[in-house]
Every structure is written in structure tokens, then in C-alpha cells.
Amino acid sequence: MNQQRCLYLLNYCKTLKAVNHIHACLLKTGLFSDPFIFGKLILHCSVTISDSLDYATRLFLHYPNPDVFMYNTIIRGFSESQRPQNSITTYIEMRRESSLFAAPDSFTFAFLLKAAANYGSLRTGKQLHCQALVHGLAGHLFVGTTLISMYGECGRVEFSMKVFDEMREPNVVAWNAAVSACFRGGDLESCERLFDRMPFKDSTSWNLMLAGYAKAGEVEMARKVFSEMEVKDDVSWSSMITALAQNGCFDEVFGVFMDLRRLGMRPNEVSLTGVLSACAQAGAFEFGRVVHGFVEKSGFSWIISVNNTLIDMYSKCGNLDMARLVLKKMPQKKSIVSWTSMLAGLAMHGHGEEAIQLLHEMEESGIKPDRITFISVLYACSHAGLIEQGHECFWKMKNVYNIEPSIEHYGCMVDLYGRAGELRKAYEFVCQMPIPPNDIIWRTLLGACSMHGNVELAEQVKERLSELDPTDSGDHVLLSNVYAIAGKWNNVETVRRSMTYQRIKKIAGWSMIEVDKIMYTFVAGEKQNDITKEAYNKLREIMLRLRVEGGYVAEVGRVLHDIEDEEKEDSVTKHSEKLAVAFGMARLCKGRVIRIVKNLRICRDCHTVMKLISKVYESEIVVRDRSRFHNFKDGSCSCRNYW
DNA sequence: ATAGGGTTAG
């Protein structure tokens, strides 16, 4: 084997096993000590093939007097890994061991700065900046560009701009880096000014503006950029789809996706994940299934992110079996996102035990759970009432995986105790947290008080909340609910008056249902139209039958104010999820599952009604509320009345 | 240059 042949073969290696083979051939022929070949070999392992950085490092450590290319390659490999700090250690090593053979060059600093940016260390970044100055490389175009990005990532846009202003002849990449840094810093005006001043804009710059606006929540501006672009490439289309999906414009996502197909273009994997993510959020099961068909037909099942989004989509559309199937049949190694998506899905459906089992499977497969994985597992425990197991997971996270619990994990733990009625324990847990509790923590506790009717604790907690976030309407409603359960109507009235006085409005509940691939939205107490009339008529018929055959009596204890019982019953009757179900019963043929998505948590009365409908009408109803699923069948719900 | 998983509440 000669050098040429070896490089050719290396290019075709896609797995570590194949590299092992070449490695063996090199040893046999003596080519192994050829620095050029060796450099290419470790480049291939540390950058091109996944999961083989360790292999590259081991080879590197045994190579006598590595040259600058080899050092750069290892630094680069670490910079994109889970432990970017190792890039810096390698650099220190390089300075100490072999300054004669390998002086750092512009590549060295570009990769090092990328590493510092990746773990957000401004201190390291600044030190590297100094080192680059010492070596006379700070003025290099590539180094300058990575300096701009690094300072942007570390939240110091003013430094980014200083570096940019001092550049002699910034190219388009440097301009783009400056724009990105400004977006990171949330300075939209500077972005616009830079964009206007750019002497040359290729489509990358336009795409950057589009994505930047989208991340800042400026959909309107993103749309404007998209429409003004003369050349729309693949990235432009996928960025636009993602922009709309990230900002809740689901109808438009489907529209743009259809436009793309109508123009005869082939959607790429990023567009597909965007569309599937929109389906997931909107609960558009039928549409999602059609997209899945397209994914299979066009060979996208080979892309891991597409499969991950499919798992998420099926979970959030209420079809756990399909989600499980996608996970099981994935042709590639499951990533941390695949496992976590499935875990979150199980959590939402109240399958706590299965979630814990799946966590074990994940660990056995060799993927280490991260902080988000544990949020999902803890969430699964709290929503299934698995106190012991939740406690164990929390312990394991800290002591086995050395993950420092963050505010989200503490939130799950408070929820775990609070939801189960252990209010004292939950309160004590909050008091001894090592980080200051935020509004979400207190709100979790207030929610628990409202579930279990603890007036005293609720009042205490509400006071903490009033200091942190006094205008949250949900908190006022929760407190008034606690009073209502306890029959303290005077206090209910006081809360209600203070809400009116402070102009705090309740958020209106809405529910959506998909019929023939069209999403219909119902809002409680909204003006009547043909669709709502149809729903109301059907609902009247249903409620009558439930009273006669199901023994239904309205549950009215938790309504906001002290009004006459009949009136209370009336306002409960109009909840949007009831209208959506009625509409589904009227339009869908018998035997079809009725799927509903709601923006708030389902109320107790609606929960009872759904159970009764599933029994009296022998139909299956799936409701996705703000945080989890309820699967009604034969008169009972999958949440076992724990939610 | 674009993507995929996460706590509470009305």
C-alpha cells in the first residue's frame, strides 16, 4: 500500500472498525510513521467519524514529536466534544513539550477559541486572546473571526465589536460573525445597521438575519427577510419553516411546507424536523402521519434527528405505540435525544414505571443521561406519584452522574412531594434548597396547596410569589380556588376584586381538535358561529344523556367566584374542551378516537364528563392538556385521577 | 448559516 492508496481508502472509512483495519495495514507497511499519513489518520478519527476521539487521542499520545497539524487536529476534536476544556490542556501540553517542533498557528487559535466559546468561558477566551497577540496572530482574519464569535457566545458583544472594528479587511464570514454576535446579545438594531453596511451579502447573510429574527421572536421581521430575498436556497426554506414552528405559527408552517413541495423542491431534513415539530406542538396527528409517510418514502429515516422528532411528534399527538415503534426500529444508534424524547413521552402519559425501566435500558446501551434526561424522569415520577423512585433518581443523578441539580430539578422534586399531598415535606424541601427558589418553585407549591386545599400554606406561598411576580393571573386564580374549596367566599371576593383593580385578567382556555386534517379551535364563552353552534347543540344532547344514563352531577366547587350554583354549572359547561369533544362526536364517525389539545390543565368537572362520555358512548377520548395526557376509555382515565 | 429532548400555573 502506498501513500496515495492509503489516503483514498481513508476517505471511504465510515466506521471505527474500518479505521482499525487501515491502522493495521499501515503498521505492516511502515507507513504509520509517515507524519502526513498519520495526521490524516487522526484527523479522520477525531473529526469525521463519531465516537472515536478517544482512539485518536491514544494514537496521538504515542506519536513522538507531533507536528502542529496533529496538535491542531486533537485540539479541534476536543473543541467539538463534550469536554472542550481538554483543548486548552492540549495547548498547554503543546507549549511545554515541543515548542521547537510545533509553534501554534492561526488554526490552533481558531480551534482553541471555538472551544472556549463552547463552554462559555470568558476568562479562558481572554487569555487565549493574549496568547494570540503574543504569537502575532491576533490580526489574522480567521483568528479575528473566531474572537468575534467567542466574545459573542460569552455575552460580551462590545468586545466582539471592538475586534471587528479593528479588522483591516473583514470578509463576508467576519461580517456574518459580527451580526451573529449582535443577535446573541439581543441587539437587533446593531444587526440591522451591520446588515445595511455590509459591502457584500451572499445568501448566508440573509439566512443569518432570518434565523436571528426568529430566535428573537420577531416572526414578522423573519417573514419580511424571507420575502425580500432574491435567492432562496435550501437553508432559507428550512430556516423559515423552523422560524414559524418556533414561534407557534403552525398553520403557516404547513402552508410554507406545501409551497415548497408545490415548487417541486425536495424538503431537506431540517425542514422535515421543523414540520414535525409543528405537528407535535399543535397535536396534528393526521398531518404528522402523512409527513412520516413521506420520510419513509424519501429515505429520511436514515437521519437521526428526523427519527427523534418523530418520537416526539407521536408522543405529543397521543400515540405512544408509534413513538415506541420508531425508537425500536431506528436504524442508527439511539442518541441521548432519542432516549430523552421517549422518556418525556412516557412521562406525559403517566407511565412512570416504564420510564424508569427505559432509563435503565438507556444506561445499558452506554448513553449517559444528562440533566434534561433527569428532568424528564423526575417529571415522570412526580406525575405518576412515584415518590420513592423519584427520590432515588434525584440521588443517582447527584451521586452517580455528578450532575449538579438545577432549579428545574428542584422544581420536579417540589412537585413530586406537593402533588402527592406531602405539603410540609415540599415546603421544607424548598426552604433547604441551596439555590434561591424562583417563581416557578413557589407556583408549584401553590398548585399543590390548591390541589389539597391547604389555606394557610397557600397564603404564605402567595406572599412569596407577590414579591417575585405580583401580576401573574394564574397565581391569583389558584389562591382564590383554595379559598373556594374551603368555602371562604369573602376571601374569594377579595382576591377577585384585587384582580379587577390591578387589571389582571384570567387567560382564556382554548381547545383544538383535528377533523379531516383541519384544526378547529374552541374558546370558552366566545361569540357564536356555525361551528360553535353545532358544538353547543351536540353538547346539550350529550349532557342530557349523561345525566340520565351516567348519573352526572356538575362539580362546581372550584369555579372562580361565589355565584349561584346554576350559573356556576353554566360556566363550567362552556369549557372549551367540552365543546371540542362535542364537535368531535358530531363530526367524526363512531369508533374513531377523539383527540383534543388544550392550553391549560383540564378541570375536575371536564375530567368527570370525559370519563362518562367514554363509557356511555363507548368511545375513546385522548386529551392533551398543558402538561400531560388523559386517555379516557370505558369510564376511566389513564391518569388514574392523579394529575 | 438551518434541526431534534426539559420544571409550574390560569
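Counting any heavy atom pair closer than 4.0 Å across all strands shown, A:Asp312 reaches sugar-phosphate atoms only and no base atom. Base engagement by A:Arg371 is indicated by at least one non-hydrogen atom pair under 4.0 Å involving a base atom. Among the protein residues, A:Ser239 comes within range of the sugar-phosphate backbone only, with heavy atoms under 4.0 Å from sugar or phosphate atoms but none that close to a base. Residue A:Lys316 is in sugar-phosphate contact alone, with no base atom involved, counting any heavy-atom pair closer than 4.0 Å across all strands shown. Looking at heavy-atom distances under 4.0 Å, A:Ser335 makes contact with a base. Residue A:Leu208 is in sugar-phosphate contact alone, with no base atom involved, counting any heavy-atom pair closer than 4.0 Å across all strands shown. Among the atoms of the strands shown, none is found under 4.0 Å from any heavy atom of A:Ser205.
The side chain of A:Gln246 places no N or O atom within less than 4.0 Å of a non-bridging phosphate oxygen (OP1 or OP2) of B:dT2. Dashed line: the shortest gap from a side-chain N or O of A:His383 to OP1 or OP2 of B:dT8 is under 4.0 Å. Contact annotation: A:Lys215 does not reach the phosphate of B:dA1 (side-chain N/O to OP1 or OP2, under 4.0 Å).
A distance of 5.5 Å separates CD1 in A:Ile435 from OH in A:Tyr410, rounded to the nearest 0.5 Å. Between atom CG of residue A:Leu260 and atom NZ of residue A:Lys232 there is a gap of 11.5 Å, rounded to the nearest 0.5 Å. Interatomic distance, A:Met240 CE to A:Cys249 SG, rounded to the nearest 0.5 Å: 8.0 Å.
Side-chain to base pairing of A:Ser238 with B:dT2: one donor and one acceptor N or O lie within less than 3.5 Å of each other. For A:Thr340 against B:dG5, a side-chain N or O and a base N or O form a donor-acceptor pair under 3.5 Å. For B:dG10, the base has no donor-acceptor partner in the side chain of A:Asp472 [N/O atoms by modelled type, under 3.5 angstrom].
A donor-acceptor contact closer than 3.5 angstrom links the side chains of A:Thr373 and A:Thr340.
Among the pairs that DNA chain B forms, none builds a region of at least three successive Watson-Crick or G-U pairs under 3.5 Å.
When each of B:dT7, B:dA9, B:dG4 is scored by its nearest atom to the side-chain atoms of A:Arg626, the top-ranked nucleotide is B:dA9. The side chain of A:Thr273 approaches B:dA3 more closely than any other nucleotide in the set B:dA3, B:dG5, B:dT2. Side-chain proximity of A:Ile304 to B:dG5, B:dG4, B:dT8: nearest is B:dG4. Side-chain atoms of A:Thr309 lie closest to B:dG4 of the nucleotides B:dT8, B:dG10, B:dG4. Nearest to the side-chain atoms of A:Lys506 among the listed nucleotides B:dG6, B:dG10, B:dT8 stands B:dG10. When distances are taken from the side chain of A:Asp233 to each of B:dA1, B:dA9, B:dT2, the shortest belongs to B:dA1. When the nucleotides B:dA3, B:dG5, B:dT2 are ranked by their closest atom to the side chain of A:Thr242, B:dA3 comes out on top. Among the nucleotides B:dT7, B:dG5, B:dG4, the one closest to any side-chain atom of A:Ile336 is B:dG5. Here the side chain of A:Arg443 is nearest to one of B:dT8, B:dT2, B:dA1, namely B:dT8.
Ion pairing between A:Asp475 and A:Arg443 holds under the 4.0 Å rule for side-chain N and carboxylate O. A salt bridge does not link A:Lys425 to A:Glu428: none of the charged nitrogens lies less than 4.0 Å from a carboxylate oxygen.
The shortest non-hydrogen separation linking A:Trp302 to A:Pro331 is CZ3-CB, 3.6 Å.
Between A:Trp643 and A:His630, the two ring planes are perpendicular [angle over 60°; tilted spans 30° to 60°].
The environment of A:Lys224 atom NZ is sparse: at most 12 non-hydrogen atoms of other residues, nucleotides or ligands sit within 6.0 angstrom.
Within the 4.5 Å cutoff, no side-chain heavy atoms of A:Asp439 are placed close to those of A:Asp472. With contacts defined as side-chain heavy-atom distances shorter than 4.5 Å, the pair A:Asn308/A:Met330 qualifies.
Across residues 415-424 of chain A, A:Arg419 each have a non-hydrogen atom less than 4.0 Å from an atom of DNA chain B (numbered order).
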